[in-house]
Amino acid sequence: MDNKINLSQLTELFCEVSGLGKGVSTAFVKSFFETITEEVSAGEQVRIKGFGAFKQILISDRESVNVNTGERIVIHGHQKISFTPEPELKAFINKPFNSFETVLIDTPVQATKEKSVTPEQETLAVDNPEPEPTPEVGTEAEPEPILEQETEPELKSEAEEPEQESEPESESEPESKPEPEADTVPTEPDISANDKKSKSKPARRFRSLLTVCIILLTILIVSYCVWPLNIIHTMRKGMEFVERSGTDNAKESSVKSVDIVRLADTATVQETAKDGQEPETAVQSDSILQSENVSQTSESKTQETELTLTESDAAKPLAQFTVSDTTSYRMTDVILATHVLESGETLARISLRYYGTKKLWPYIAAYNKITDANSTSVGMNLKIPVLVRK
Amino acid sequence: MNHKEFLTALSGKCGLTVEEADRQVGILLSVMKKTWSEGDSVSISGFGILEVRKKKERVSVNPSNGQRMLIPPKLTLNYKPSALLKDKIN
C-alpha cells in the first residue's frame, strides 16, 4: 500500500509476466512512456486501448486578485496535460466501491411555513422543524436545546423580572406552532431547496444566540440574588448626590443624575438603556419641584430614582462592581487645573496625569459635560475638578 | 494519435512487430493495474505519477429540479505530470 513503483521495479514485474529478456523489457517499458511523453509534448493526443487518453489542454489567462494587496493580477495561461482513463479501467480501479450507487435523498427538507407566520414567529419556528427531516444526517443534539428552553421560562417566572417575561412567551409559542404546520409540509415539496438552505443556517445561528441569551439571563438572575446589598449601597450614594444637587437647580440635577449613572456604569454597554430611563424621571421630578416644596421634591425624587435604579441595575449588577471604587468621590467647584486636549490624549490619560489613576476619567467627563468620551476633539479646554472623598 | 499509430511508433523504437508490441502493451497494462489495485502508484521519472486516489462521498444538487443526491465515494486513477514534462510543454 502507498508504495511508489518506479521504472526499474515496474520493469522487473513486467519481465516476470511477459517472458521477455531483461534488456528488451527495460527498453520496451522505457519506450512505452517515452512515446507517450514525446507525442503529448508535441501537442498530439495519445489514445491507448485499455488505458486511456493523454492530451494537452490550454488553460487560458485569467484575472485574479492578490489577497494581500487587493491588486488585480493576471494569471498567465499554460498548457496542462490531462489523462482520461477508459471506462473499463475506471471501473477496474473503482472495483472496491462499485457496489455503491448514487442515492437520491428524497427527505422532504421540511417546507418552511412562510406567509401565514409573522416574521418574529418565523425565525423562532425554524428551530423546531429541523429535527424532523434529518433522520439520515443525524442531529441528535436537537432535542436538548428545546428541553432547555422549556425549563428556562419557569426559572424566569420565579425571578419576576419584567424584561424577561416577554421572552418566555415568545419561546413557548413556536413549540406549539410548528406541529399543526408540520402536517401541511408534505403538500408543499416543491418549495425550492434554496429556501431551505437559507433558512437552516440562520436557524442554527439563532439557536446558539438563544442559548447564549438564556445563559446570560440566568447569570443575571443569580447575581441579582447574591449581590443585592452591594447594589443598594452604591445606589444610595448616587441618590445622595441627586438630592444635593436637586435642591440647587432642577435642570442641572437632571443632567447630573444622568452623569452619575454614567459614572457607575461606564463599563457597561447598557448605558443607553439606563440613560433613557433616567432623564424621564428627572423631568417628572422637575415638574413636581415647580409645584411643591423643596423638601417634598427631594423625597419623591429619591423614591423615583430608587425605583428606576433598581430596575436598571438589576439588569447589570456586575457593572457596579467594577467601577464602584470611583463612585466614592465628590466633585467640588474648585478647579485643579485647566487642560488643553492634545492629539493622542484620552480622558483616561488625563485622569492618570492629574489624579494618578485612569479610573477617575468619568468625573472629568461629567464635569465638562462630555456625553461621549470617544468624541473629544483636539484643542478642547478641559477643567479638572478637585475630588473629595465622601 | 490512436492506438494503432502508437503501436507502430512503439514497435519501431524497440524492434518488435506491431502484434508483439500490442501483446506486450496489454501485459504492461495488466502489471500496472495490479499495482494500482494494491494501492501503489506508478512513478516514472520524466513522465509523471499515475496513482489511485479516493474521492469522498458528497451530496450534489440537481440545479434544475433541486433534487439532492448522495454520490458515493469512489476511487479514481489520477495522473500528475512530472515537473520536467510540464516545463517542456510550456
Side-chain angles (χ1 to χ4, degrees), chain A residues 1-7 10 13-14 16-18 20 24-25 27-41 43-52 54 56 78-83 85 89-90 92-97 100-107 109 192-194, chain B residues 1-3 5-7 9-10 13-16 21-52 54 57 59-61 66-79 81-82 85-86 88-90:
Chain A
M1 275 300 270
D2 296 335
N3 293 325
K4 271 189 182 174
I5 305 289
N6 60 21
L7 187 66
L10 184 68
L13 289 169
F14 173 71
E16 285 170 23
V17 181
S18 65
L20 286 175
V24 183
S25 52
F28 176 79
V29 175
K30 222 176 189 177
S31 55
F32 177 82
F33 289 111
E34 256 175 24
T35 318
I36 298 174
T37 312
E38 278 168 17
E39 289 298 326
V40 169
S41 51
E44 285 273 334
Q45 182 183 7
V46 182
R47 193 182 291 273
I48 301 163
K49 213 186 264 173
F51 192 40
F54 291 88
Q56 272 194 39
H78 58 275
Q79 294 287 336
K80 186 190 155 192
I81 296 176
S82 91
F83 168 63
L89 184 63
K90 253 188 190 171
F92 174 82
I93 296 290
N94 196 34
K95 222 183 212 165
F97 290 162
F100 292 124
E101 272 180 12
T102 304
V103 185
L104 194 77
I105 304 169
D106 52 4
T107 42
V109 185
S192 67
N194 299 337
Chain B
M1 189 187 224
N2 58 24
H3 188 63
E5 288 166 337
F6 175 73
L7 286 180
L10 187 60
K13 261 189 184 176
C14 44
L16 296 166
D22 192 11
R23 207 170 62 81
Q24 299 301 341
V25 166
I27 291 167
L28 180 62
L29 287 177
S30 68
V31 168
M32 287 199 290
K33 270 183 179 178
K34 202 176 158 236
T35 319
W36 290 321
S37 63
E38 282 164 2
D40 297 339
S41 56
V42 175
S43 169
I44 309 293
S45 61
F47 174 70
I49 300 171
L50 281 159
E51 63 180 341
V52 175
K54 192 196 169 200
E57 72 276 12
V59 172
S60 84
V61 179
Q67 272 181 338
R68 302 200 309 156
M69 285 173 294
L70 183 69
I71 295 175
K74 58 183 159 193
L75 296 171
T76 57
L77 186 61
N78 201 288
Y79 170 63
S82 71
L85 183 53
K86 259 188 197 165
K88 211 170 167 186
I89 58 168
N90 277 307

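Lettering follows sequence order; numbering is per chain, from 1. Both backbone and side-chain heavy atoms feed into the values below; hydrogens, waters and symmetry mates do not.
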**OP:** Enter the distance from A:L10:CG to B:D40:CG here, rounded to the nearest 0.5 Å.
**Re:** 11.0 Å
Original post:
Can you tell me how far the OH atom of B:Y79 sits from the CD1 atom of A:I81, to the nearest 0.5 Å?
Top reply: 4.5 Å
Subject >> Interchain contact, A:E44 with chain B, by part (heavy-atom threshold 4.5 Å) >> reply: side chain
Original post:
Which bit of B:T35 comes within less than 4.5 Å of chain A, counting heavy atoms only: side chain, backbone, both or neither?
Top reply: side chain
Original post:
Which value, rounded to the nearest 0.5 Å, describes the distance between A:L7 atom CG and B:I44 atom CD1?
Top reply: 4.5 Å
Subject >> Other residues, nucleotides, ligands: >12 heavy atoms within 6.0 Å of B:K33 NZ >> reply: yes
Subject >> Inter-residue atom distance A:F92.CZ - B:L77.CG, 0.5 Å rounding >> reply: 10.5 Å
Original post:
Hey, are the side chains of A:K4 and B:I49 touching, using non-hydrogen atoms and a 4.5 Å cut-off?
Top reply: yes
Original post:
When heavy-atom pairs shorter than 4.5 Å are enumerated against chain A, which of B:V31, B:L28, B:L50, B:I71 gives the highest number?
Top reply: B:L28
Subject >> Contact winner vs chain B - A:I36, A:V24, A:V40, A:V29, heavy-atom pairs under 4.5 Å >> reply: A:I36
Subject >> Member of A:V103, A:L104, A:I105 meeting the side chain to side chain contact (heavy atoms under 4.5 Å, CB included) criterion with B:M69 >> reply: A:L104
Subject >> Which portion of A:E101 sits near chain B, non-hydrogen atoms under 4.5 angstrom >> reply: backbone
**OP:** Look up atom CZ in A:F51 and atom CG in B:L29, then write down how far apart they are to the nearest 0.5 Å.
**Re:** 6.0 Å
Original post:
Taking side chain as C-beta onward, heavy atoms only, is B:S41 less than 4.5 Å from A:I5?
Top reply: no
Subject >> Smallest separation among heavy atoms of A:F28 and B:C14, with atom names >> reply: CD1-SG, 3.8 Å
Original post:
Are the ring centres of B:F6 and A:F54 closer than 6.0 Å?
Top reply: no
Original post:
What part of B:V25 is in contact with chain A, defined as an atom under 4.5 angstrom from a non-hydrogen atom: side chain, backbone, both or neither?
Top reply: both
Original post:
Can you find a heavy atom in the side chain of A:S41 that is under 4.5 Å from one in the side chain of B:L85?
Top reply: yes
**OP:** Go through the atoms of B:L7 and report whether side chain, backbone, both or neither lie under 4.5 Å from a heavy atom of chain A.
**Re:** neither
Subject >> Non-hydrogen side-chain atoms of B:Q24 and A:F14 separated by less than 4.5 Å >> reply: yes
**OP:** Report yes if the side chains of A:S31 and B:L10 come closer than 4.5 Å at any heavy-atom pair, otherwise no.
**Re:** yes
**OP:** Would you give the length of the straight line joining atom NZ of B:K74 to atom CZ of A:F100, rounded to the nearest 0.5 angstrom?
**Re:** 13.0 Å
**OP:** Can you tell which part of B:V42 gets under 4.5 Å to a heavy atom of chain A, answering side chain, backbone, both or neither?
**Re:** both
Original post:
Where on B:K13 is there a heavy atom nearer than 4.5 Å to chain A: the side chain, the backbone, both, or neither?
Top reply: side chain
Subject >> Residue B:P73 versus chain A: region with a heavy atom under 4.5 Å >> reply: both
**OP:** Could you look at B:K88 and say if it's the side chain, the backbone, both or neither that has a heavy atom under 4.5 Å from chain A?
**Re:** side chain
